[in-house]
Amino acid sequence: MGGKRRKNDDSDNDEGQKKPDMKKTKREELLPSMIKNKEKRSLVHAKLKRQKKLDKIAKHKARDAAEKRALELGEEIPERMVPRTIENTRELDETICKPDDEELFAGNDADEFSSILKREQTPKILITTCRFNSSRGPDFISDLLSVIPNAHYYKRGTYDLKKIVEYAKNKDFTSVVVVHTNRREPDALLIIGVPDGPTAHFKLSKLVLRKDLKNHGNPTSHKPELVLNNFTTRLGHRVGRLIQSLFPQDPEFKGRRVVTFHNQRDFIFFRHHRYIFETREVKKTDSKDKKDKDGASVTGPERKAIARLQECGPRFTLKLTSLQHGTFDTRGGEYEWVHKPEMDTSRRRFFL
């Protein structure tokens, strides 16, 4: 009996010795999702996040030190790791424009926008709406009139769109912009090149009017600078030139206005800003600086030029749904490109 008790006591001692080890491993593998108490869970999450940030900073410092050391020794700088994104892993497209493409430049000289982009003709824009206007439509049109120089608004009334295009041809307009609304909300934009086209139909989403932007600026009447980003394919190049033909090609830099169309994953983001350059004094904190008796730095503050932006609005997103040859014609029109659901075979396939 005594021997059995001793064996049981030995086994109890072994279990007692093993238990602290199990607790340590549990503490080491403890995750915020495993904690039921909300306060403790938030503390553990904040601690892990802080540690992750410190590790990242240490990694960047080690990389910069290695690059500096390589420069001093005259060795090759180690290549930086490029993160894999959807943009840089996109599917190969044969229509991507190249800087030495002579056919592309020859087509630019003969397309519908060459006279405007060569400054032989000044753009004149007619803006109208669909037959059933919305409550936010007039505010959006007033914002567009302040963005696009030499733009004029005409009420749609009961006129057919083909008659409006003919009127625009007779009055020497270069483009017609139609704001389509659905359920009292602008949801589409139609841009028609006059007199020979093309006609582009965009889906409009995420509209924020100027009056809804916090701390927005008020634009001046100066001609804005135009920035077009990431229109790389033949189709994107054509759409970019269509957008470019809406604005004059001689911007007035005194106004410090910038209109941006940024294409990312076939979504065209529109922004309108004013900018200003300022010089600010920046305190120089360097251990090598000379110090006086009190320990304060002798060298004065540095002056640094800083660019500041102020958004003027509006803000919206466009997505191309179709591009048609010539002016608007739903029956006999020939389409250059139409987006169909079966074309979205991969997340890494882009058309613009």
Does a sphere of radius 6.0 Å around CZ in R265 hold more than 12 heavy atoms from other residues, nucleotides or ligands, not counting ones at 6.0 Å or beyond?
-> yes
Is the number of heavy atoms from other residues, nucleotides or ligands within 6.0 Å of NE2 (H45) greater than 12?
-> no
Determine, stepwise, if the pair D329 / K162 fulfils salt bridge (Lys or Arg N to Asp or Glu O under 4.0 Å).
-> CA-CA 8 Å; D329 189 2; K162 289 184 179 180; 3.4 Å; yes
Counting heavy atoms not belonging to E102, are there more than 12 under 6.0 Å from its CD?
-> no
Please report the closest heavy-atom contact between I148 and I125, naming both atoms and the distance.
-> CG2-CG1, 3.8 Å
For V147 and P314, the nearest pair of non-hydrogen atoms, with its separation, is CG2-CD, 3.8 Å
May I have the step-by-step check of salt bridge (Lys or Arg N to Asp or Glu O under 4.0 Å) for D250 and R119, ending in yes or no?
-> CA-CA 8 Å; D250 51 344; R119 301 184 186 180; 5.8 Å; no
T260 versus H262, side-chain donor and acceptor atoms under 3.5 Å = no
Hey, are H272 and R257 close enough side-chain-wise for a donor-acceptor pair under 3.5 Å?
-> yes
Rounded distance [0.5 Å steps], CG in L318 versus CD1 in I191 | 7.0 Å
Nearest-0.5 Å distance that lies between atom CG in D111 and atom CG in L242 | 10.0 Å
Measure up the W337 and F351 rings against each other and bin them: parallel (under 30°), tilted (30 to 60°), perpendicular (over 60°).
-> tilted
Is it true that atom NZ of K203 has more than 12 heavy atoms of other residues, nucleotides or ligands lying nearer than 6.0 Å?
-> no
Just by modelled atom types, is the C312 backbone N or O under 3.5 Å from a matching donor or acceptor in the R210 side chain?
-> yes
Examine Y159 together with Y167 and report whether their ring centres are nearer than 6.0 Å.
-> no
Is the backbone N or O of P83 less than 3.5 Å from a side-chain atom of N88, with the two atoms forming a donor-acceptor pair by type?
-> yes
Are L226 and V177 grouped together when hydrophobic residues (ILVMFWY) are joined by side-chain heavy atoms under 4.5 angstrom apart?
-> yes
Can you measure from CD (E76) to CG (L71) and round to the nearest 0.5 angstrom?
-> 11.5 Å
For a salt bridge (Lys or Arg N to Asp or Glu O under 4.0 Å) with D64, tell me which candidate from K59, R69, R80 qualifies.
-> R80
Verify the neighbour count for atom NZ of K49: are there more than 12 heavy atoms of other residues, nucleotides or ligands below 6.0 Å?
-> no
Please determine which of H237, R238, K118 meets the side chain to side chain contact (heavy atoms under 4.5 Å, CB included) test together with N108.
-> H237
How about E39: does its CD atom have over 12 heavy atoms from other parts shown lying under 6.0 Å from it?
-> no
Between Q51 and D55: side-chain donor-acceptor atoms closer than 3.5 Å | yes
Does K124 use its side chain to pair, donor to acceptor, with the backbone of K171 at less than 3.5 Å?
-> yes
Kindly check if the number of other-residue, nucleotide or ligand heavy atoms within 6.0 Å of CZ (R303) is above 12?
-> yes
By side chain to side chain donor-acceptor pair (under 3.5 Å), which residues pair with Q310, not counting sequence neighbours?
-> none
Among side-chain atoms of R84 and T89, is any donor-acceptor pair under 3.5 angstrom?
-> no
For side chain to side chain donor-acceptor pair (under 3.5 Å), just list the numbers for T199 and Q324, CA-CA rounded to whole Å, side-chain angles, deciding distance to a tenth of an Å, and then say yes or no.
-> CA-CA 5 Å; T199 302; Q324 183 182 0; 4.7 Å; no
NZ/NE/NH1/NH2 to OD/OE distance under 4.0 Å, K98 and E103 | no
Just jot down the side chain to side chain donor-acceptor pair (under 3.5 Å) partners of T158, sequence neighbours excluded, or say none.
-> none
Would you say the side-chain atoms of R256 pair up with the backbone N or O of Y275, donor to acceptor, closer than 3.5 Å?
-> yes
Steps toward side chain to side chain contact (heavy atoms under 4.5 Å, CB included) verdict (E311, H216) = CA-CA 6 Å; E311 191 169 0; H216 66 84; 5.9 Å; no
Give a yes or no on this: more than 12 heavy atoms of other residues, nucleotides or ligands lie within 6.0 Å of atom CG of N215.
-> no
Side-chain donor-acceptor contact under 3.5 Å, H60 with R63 = yes
Under the 3.5 angstrom rule, does the side chain of R349 hit a backbone N or O of M343 as a donor-acceptor pair?
-> yes
Minimal heavy-atom distance between F113 and P198, with the atoms involved, is CZ-CD, 3.4 Å
Is there side-chain contact between R184 and R136, with at least one heavy-atom pair below 4.5 Å?
-> no
Answer yes or no: is there a donor N or O on one side and an acceptor on the other, between the side chain of S42 and the main chain of K38, under 3.5 Å?
-> yes
Residues passing the side chain to side chain donor-acceptor pair (under 3.5 Å) test with K211, sequence neighbours excluded, are D139
